[in-house]
Amino acid sequence: FFQAEDGIRDYKVTGVQTCALPIWGASTLTELVLRPNGEEARPRLTSRGLEVLQTLPRLRKLSVTLPTPVTESLRKVEAARSLEELDLGACTDLGPDARCLTELPTLRRLSLRGATWRTQCAELAACQTLEHLHMHSTEFRFEQLRGLDPPPALRELSLYCLSFTDEDWAVLCTWRELTSITLNDITGSRVPWSKLLALPRLERVVVDKCEIDVHSDWEVPVSSALREINAAGLSLDEHEQERMLFRVAHLPCEIGRAHV
């Protein structure tokens with residue numbers, strides 16, 4: 001049962017004031033969205049409301065904006081042991097409680113949208129089953145994973161609206177098992193193009209609204225696995241575009257060209 005005081009009225013359920021709301025067929029529910037509907041002031045989901053996750057043995061996908069305190073909320077998310085996809089909205093620092101994410105035994109896809117994870121970022125490396133990491137407007141420091149192996153199953157990385165440092169890039173360019181990288185609106189430091197394309201298993205690269213460095217590390221060999229490069233959203237001068245294309249001219253990959 002959900003009850004009104006758990007904040008369920010804020011989540012696409014109407015006509016419920018003080019009565020309890022049964023969730024029919026809970027044992028077969030595979031996807032659940034617990035996000036605010038609109039910006040107007042309403043009762044918010046409480047950590048108590050997340051107790052329902054313990055009753056959903058087949059839940060595979062959860063999209064939620066964690067209520068405070070985040071520590072308590074993450075521990076209740078951890079109870080959803082069958083989760084394969086987790087989408088977390090804006091929240092305070094996940095760092096002190098990030099180990100809860102590593103305890104989800106079948107988690108394959110993690111999306112962080114507007115979340116903050118500024119401390120203990122190295123906990124990400126312990127997510128043994130994670131295959132796809134998506135971050136949008138998230139505060140995260142890849143440099144804290146220096147010297148550590150990335151999640152062993154991670155193959156796809158999608159980053160939108162993040163601020164990067166040279167140290168962040170230095171770590172990311174050592175993640176040799178990545179097969180797909182999407183970068184959109186990355187600020188702070190230019191994308192090290194040659195080092196990125198040198199990742200040995202990389203098959204697909206999408207870069208948009210980023211500044212890239214096409215001049216450094218010219219001697220680094222490009223991955224022979226590359227099959228698709230989409231840089232159509234970039235604004236490069238003619239010389240930069242020629243250098244970018246020359247790097248992959250010998251490969252059988254599809255190229256979306258940048259604007260000149």
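Quantities reported herein were computed from a predicted structural model and do not represent experimental measurements.
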(message) Given 3.5 Å as the limit, does a donor-acceptor pair link the side chain of D213 with the main chain of S216, or not?
(response) yes
(message) In terms of relative ring orientation, are F140 and W117 parallel, tilted or perpendicular, with 30° and 60° separating the classes?
(response) perpendicular
(message) Under a 3.5 Å cutoff, is there a donor and acceptor pairing between the side chains of T116 and D93?
(response) no
(message) According to side-chain hydrogen bond (donor to acceptor under 3.5 Å, both in side chains), does anything in residues 144-154 pair up with another residue at least two apart or in another chain? List the pairs.
(response) none
(request) Check for a donor-acceptor pair, side chain of S82 on one end and backbone N or O of L59 on the other, with a separation under 3.5 Å. (result) yes
(message) Can you confirm whether the side chains of S111 and H136 place a donor and an acceptor under 3.5 Å from each other?
(response) no
(request) Under the salt bridge (charged side-chain N to carboxylate O under 4.0 Å, His left out) rule, collect the residues that match up with D87, sequence neighbours excluded. (result) R35, R113
(message) Check this for me, if you would: do K76 and E51 make a salt bridge, where the nitrogen-to-carboxylate-oxygen distance has to be below 4.0 angstrom?
(response) yes
(request) With sequence neighbours excluded, tell me which residues meet salt bridge (charged side-chain N to carboxylate O under 4.0 Å, His left out) with E203. (result) none
(message) Under the rule for salt bridge (charged side-chain N to carboxylate O under 4.0 Å, His left out), what residues qualify as partners of E103, not counting sequence neighbours?
(response) none
(request) Decide, yes or no, whether a salt bridge links R155 with E131 under the criterion of side-chain N to carboxylate O below 4.0 Å. (result) no
(request) Check for a donor-acceptor pair, side chain of D168 on one end and backbone N or O of F142 on the other, with a separation under 3.5 Å. (result) yes
(request) With sequence neighbours excluded, tell me which residues meet side-chain contact (heavy atoms from CB on, under 4.5 Å) with P150. (result) W175
(message) Between E156 and T179, do the side chains contain a donor N or O and an acceptor N or O under 3.5 Å apart?
(response) no
(request) Spell out, as yes or no, whether a donor-acceptor pair under 3.5 Å connects the side chain of S223 to the backbone of L199. (result) yes
(request) Quick one: list whatever passes salt bridge (charged side-chain N to carboxylate O under 4.0 Å, His left out) with E167, sequence neighbours left out. (result) none
(request) Without swapping roles, check the side chain of T106 against the backbone of L83 for a donor-acceptor pair under 3.5 Å. (result) yes
